[in-house]
Structures are given as C-alpha cells and as structure tokens.
Amino acid sequence: MPATDTETLPRAVNAWFRANARELPWREPQCSAWGILVSEFMLQQTPVARVLPQWHAWLERWPTPAALASVPPGEAVRAWNRLGYPRRALWLHACAVAITEKHGGVVPADVDELLALPGIGPYTARAVAAFAYGVRVPVVDTNVRRVLARAVGGQAEPGPPSATRDLAAMSAVLPLDEDEARVFNAGAMELGAIVCTARAPRCGDCPLASVCSWRLAGYPAYDGPRRAVQKKYEGSDRHVRGLIMRELRAAHMPVTDAELSALWPDEAQFGRALAGLLADGLAVREGAGYVLP
DNA sequence: TATACGTGGCT
DNA sequence: TAGCCAAGTAT
C-alpha cells in the first residue's frame, strides 16, 4: 500500500536517518547557528565533499558573524577560493554585517528575519531555522522535492519548482512534534542525497521501497516538462568570469586591464565578463587596475 | 516563469 | 568524450 497517510513516511525516514546519517560537522549538536548558516551557503549547488575542508577553514578563521564582518568583503571572496558562485561569498559577508549590526551578532531564528538577509532565500531561511534552532517549518530543497515526487507523487521527477506547491507537499507530511519534524526535514534531504538520487536511485537501500508510489507503479518514465539543459561552461561568459576571479584572488595588488584582457582572446566577451563582475561588486577599480572589494 | 551564475567529479 | 549533476538565489 502506498504511503498515503501522514505517518508512514516520517516514521520510516526518521528511523533510517537516525541509523544512517552521515556524520557532518554542521550536524554536531555543539555546532553554532553561524556554523550551520555558513554550511548552508556553501552547500548551495555544491557537493558536500567540496564544502567540508572549506567549511572547517572558514569557521576557524571567522568563528562568529562579527569576526567575518570585521574584514573587507574581498577577504571572504578570496577565502571562498574555487567553491564556485563567488557571489555567495559576498552575500555571506553582507549577511555577517547585517547580523552584527541589526541582530546583535546573533543569527536570527525567525524565517522572515532570515529571509530579509542577503543571499538567503526560501530554502536557506527554513534550513537555518529548522537545523540551528529546531523550528518546525518545512524545509524543501531539490532532494526533498525528488523524494516526495517519487514516494508520494509516483513520478520519476518533480515538476517545475513552485514554492507554494512544494511547501504544501512537505507540510502535508511534516510531523507535528518539533523534534521529529527537524529529523524528518534532515532525513528527507539525506535520503534524496544518498539513496533516492537523481540518477540510478538505490531502491534496494531505501526505507521507503515498500511504500514508494513510483516504485509500486513500476517506475513510470517522467513525462512532464524537462528542465532546461545547462549551458556549456567551456567558452561561456561564466568561464571568462571565473578566469578573471581566479586572477584577482591570486593577486595582492591591482591587476591591470592588460593583464586581465590577456586571459581571453575575445575582446567583446571579456568586456562583458569584467563589466558584469564590476556590476556584481566582485571586482572594483583601484588606480590603474582592479582588485577584490 | 526563465535565465544567469562556478567548479569539478562522475558516468 | 560530452553531458549530467550538485543542500539555491536574485532578477
């Protein structure tokens, strides 16, 4: 029988999670809310394995929001190194400043207050509230969307993201008990991350195998709208931005136009990339060249 | 709602 | 090899 009631899923997922959760530093009970916030920024579109060493270094250097807020944003961008999407470093720094100035240096526990901070959207706000403070709110990321689409919806893949629909779907199965809700939020994400994966799901290891609607229906293929294919990175504007940022991070004095433009042969494309970085605040003009902010 | 935004590992 | 994929956010 498929898991149509609201107790089967959390019971199975939570038992599985309590026995199989990866030991990650931001899941340790003594981890600070700041440590959890930092992990959520780093984990946006980035695999755990690449985040781990960066997270340790970051927390050692800046153990509190105030510590990060006390240095220029460029230091955050430099320390971010090659984690990707360097705007996240800028936003995390801006977040630290806002927390220091408007929240007395304490990471807020309220979803709406978190949402008002730079770089924090619907997922991160709820993740911080739930995992750092135990607040009972639905946390929905790409893993949760996939788990619910399969186990409950009987579909191979979730449809296009819709905050309203996705939060409602999670709310419908979220335990009333605060602690069970926190574990279910984390457990559903973990299940999607290591068992109910996008490709080659390991149904043999899944605690929901016997109740999964998708499996019970015989694994019907997905027939909904396909997600747009990711553009090729090689030769893209993003590629050029990445090259420029790598140069700026390595430099400790202004990098000249000539030095930067030598990175890419297509002048027009290079100009677009540099202008974009300036507009984003990831690079600033200084004297004869460019530096991190 | 669709698109831009890094980087690297895996198949 | 080329493409797919990874705990999203902002516009």
Side-chain angles (χ1 to χ4, degrees), chain A residues 17 21-22 24-27 35-55 77 80-92 94-95 114-132 138-147 157-167 170 185-201 222 224-249 269 272-273 275-277 279-283:
Chain A
F17 184 69
R22 291 169 293 180
L24 300 172
W26 45 86
R27 286 179 178 164
I36 290 169
L37 205 190
V38 170
S39 80
E40 295 300 346
F41 266 84
M42 291 185 169
L43 287 163
Q44 289 168 7
Q45 301 285 284
T46 309
V48 167
R50 287 178 53 205
V51 165
L52 240 18
Q54 292 280 96
W55 184 87
V77 174
W80 199 257
N81 199 14
R82 292 204 247 165
L83 250 197
Y85 292 144
R87 295 194 287 200
R88 291 183 294 167
L90 225 41
W91 289 333
L92 180 52
C95 218
L114 286 161
L115 275 172
L117 296 171
I120 294 192
Y123 163 74
T124 303
R126 290 177 174 78
V128 170
F131 302 142
V139 179
V140 179
D141 74 335
T142 186
N143 292 305
V144 172
R145 280 167 33 73
R146 185 171 54 249
V147 168
E157 297 175 35
S162 154
T164 306
R165 270 199 312 271
D166 296 340
L167 286 174
M170 188 59 169
N185 276 319
M189 287 177 61
E190 183 81 342
L191 190 64
I194 66 181
V195 173
C196 190
T197 50
R199 280 182 304 181
Y222 179 68
R226 304 293 304 184
R227 192 171 43 172
V229 292
Q230 190 167 305
K231 280 207 180 76
K232 191 170 74 167
Y233 179 71
E234 196 70 27
S236 66
D237 285 7
R238 284 153 95 154
H239 187 176
V240 185
R241 284 171 61 105
L243 291 175
I244 295 172
M245 286 309 297
R246 181 190 293 223
E247 200 72 12
L248 294 180
R249 285 194 307 264
Q269 193 182 17
R272 269 203 310 278
L277 292 172
D280 290 345
L282 283 165

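All values below were derived from every heavy atom in this structure, side-chain atoms included, with hydrogens, water molecules and symmetry-related copies excluded.
- Within the 4.0 angstrom heavy-atom criterion, base atoms lie near A/R238.
- Separating the P atom of B/dG8 from that of C/dT9 is a span of 23 Å, rounded to the nearest Å.
- For A/E234, the side-chain contact (heavy atoms from CB on, under 4.5 Å) test picks out A/K232, A/H239, with sequence neighbours left out.
- Comparing A/R165 and A/R88 by the nucleotide of DNA chain B whose heavy atom lies nearest to each, the residue mapping closer to the 5' end is A/R165.
- Under the rule for a side-chain contact (heavy atoms from CB on, under 4.5 Å), the partners of A/P225 that lie at least two apart in sequence or sit in another chain are A/P160, A/Y222.
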Report all side-chain donor-acceptor pairs from residues 80-87 of chain A shorter than 3.5 Å, counting only partners two or more places apart or in another chain.
residue, atom, partner, partner atom, Å
A/W80, NE1, A/G84, O, 2.9
A/Y85, OH, A/R238, NH2, 3.0

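- Take the nearest nucleotide of DNA chain B for A/R246 and for A/D237: the residue whose nucleotide is more 5' is A/D237.
- Among residues two or more places apart in sequence or in another chain, the side-chain contact (heavy atoms from CB on, under 4.5 Å) test is passed with A/V147 by A/L191, A/C196, A/L208.
- For DNA chain B, the contact window with chain A, defined by any atom under 4.0 Å from a protein heavy atom, covers B/dA4 to B/dG8 in 5' to 3' order.
- Taking atom P in both B/dT11 and C/dA7, one finds a spacing of 15 Å when rounded to whole Å.
- Here side chain to side chain donor-acceptor pair (under 3.5 Å) pairs that include residues 120-129 of chain A, with residues two or more places apart or in two chains, are A/E40-A/Y123, A/Q44-A/T124.
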- Message: Each nucleotide in nucleotides 2-11 of chain C should get exactly one letter: B, S or -. Can you fill that in based on protein heavy atoms under 4.0 Å?
- Response: --BBBBBSS-

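- When the P atom is used for both C/dA2 and B/dC5, the distance is 23 Å, rounded to whole Å.
- As judged by a 4.0 angstrom heavy-atom cut-off over every strand, A/F41 is placed among residues making no nucleic acid contact.
- Comparing the same atom, C1', in C/dA6 and in B/dT1 gives a spacing of 22 Å after rounding to whole Å.
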- A/T46 and A/M42: side chain to side chain contact (heavy atoms under 4.5 Å, CB included), yes or no, with the steps? CA-CA 7 Å; A/T46 309; A/M42 291 185 169; over 6 Å; no

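- Residue pairs meeting the salt bridge (charged side-chain N to carboxylate O under 4.0 Å, His left out) criterion with at least one member in residues 186-200 of chain A, sequence neighbours excluded: A/R22-A/E190, A/R27-A/E190.
- Not counting sequence neighbours, the partners of A/A129 by the side-chain contact (heavy atoms from CB on, under 4.5 Å) test are A/V111, A/L114, A/V135, A/V137.
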